[in-house]
Engineer: 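Please read through the structure below; I'll follow up with questions.
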Amino acid sequence: MKAKGIHPGLAVIIVGDDPASRIYVNNKKKACEYIGIRSEEYALPAETTQAELLALIDELNQNDALDGILCQLPLPKHIDEKAVIAAISPDKDVDAFHAVNVGKIMIGDYDFLPCTPAGVMELIYESGIDIKGKECVVIGRSNIVGKPMAMLLLHDHGTVTICHSKTKDLAETVRRADIVVAAVGVPELITGDMVKEGAVVIDVGMNRLPDGRLTGDVHFESAAEKAEAITPVPGGVGPMTIAMLMKNTVKAALLHHNEK
Ligand code: GUN
């Protein structure tokens, strides 16, 4: 890319001072630096108005030196996240949150995948796990993880069930699963007694316990006794999310310069 004069650039917007978001944004910037992507941080105060944020995004959309734009979520309550996501140009939307990119994923013809589900798929592929015909249970139905995760597993011919807070018998549903993806934000909700012997367990959760400890949505010790493969928290899915952001930013730069 260097030889072709392509130097990928990523704008990272953070609004307010959520400590978890600050850590995520710092890690994203560090990864950019490590692989040679130019990152520009826009750290805005919590009182920033929606109009001000949309004006910044408009400016970044038009900035030819930037290939990707990421606005760290969650945003302060007075800002409409949907409006912000809709304002980012789909070809700079390295999170793949824009409705255009979500729709492209749905029909299986996309440029970008959302970073966390894409990272989970990479973990599955790299571990040599075949998804075809497997019972896949996704816990959580967020736009960022649960819903696209289910779609990617479906594209790879999994038989997919999505569980959520109104699911009648979570334990029984999870017990059927060959592949479990927990992305619900409830500390250690999935325990070993819910895991089928030999299942693959992927933990997307990132929960801070009252004692300050970081834990996932899976009770690791008990689930690990049953699982054939399991991801830890921290150090499992998290680094993959960042790797996929780097991949999307490189891809955005290539597409921007008409290189596939
Ligand atoms: N907040 C939690 N996960 C994400 C993510 O993947 N992208 C953005 N922009 N915000 C997030």
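All values derive from a computational prediction rather than experimental measurement. For the single chain, residues carry numbers from 1 onward in sequence order. Both counts, for ligands and for their atoms, begin at 1 and track the order of listing.
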Engineer: So how far is it from Asp67 CG to Arg38 CZ, rounded to the nearest 0.5 Å?
Structural biologist: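 One finds 7.5 Å between CG of Asp67 and CZ of Arg38.
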
Engineer: Cut-off 3.5 Å, no hydrogens considered: what does the side-chain donor-acceptor table look like for residues 42-50, sequence neighbours left out?
Structural biologist:
residue	atom	partner	partner atom	Å
Tyr42	OH	Glu40	OE1	2.5
Thr48	OG1	Pro45	O	2.5
Thr49	OG1	Glu52	N	3.1
Thr49	OG1	Glu52	OE1	3.3
Gln50	OE1	Asp80	N	2.9

Engineer: With distance as the sole test, does His98 use its side chain to make a donor-acceptor pair with the main-chain N or O of Ala86 at under 3.5 Å?
Structural biologist: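 Side chain of His98 to backbone of Ala86, a donor-acceptor pair under 3.5 Å: yes, one is there.
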
Engineer: Would Lys104 and Asp111 pass as an ion pair if we require N to O under 4.0 Å?
Structural biologist: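 Yes, charged N to carboxylate O under 4.0 Å.
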
Engineer: Does the pair Glu135/Lys196 count as a salt bridge with the N-to-O cut at 4.0 Å?
Structural biologist: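 Salt bridge between Glu135 and Lys196, a charged N being under 4.0 Å from a carboxylate O: no.
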
Engineer: Got the residues with a heavy atom under 4.0 Å of ligand 1, by chain and number?
Structural biologist: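 For ligand 1, the residues that come within the 4.0 Å heavy-atom cutoff are Lys28, Leu70, Cys71, Gln72, Leu73, Asp95, Phe97.
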
Engineer: Counting only heavy atoms not in Met1 (residues, nucleotides, ligands), do more than 12 fall under 6.0 Å from its CE?
Structural biologist: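 Enclosed: over 12 neighbouring heavy atoms sit under 6.0 Å from CE of Met1.
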
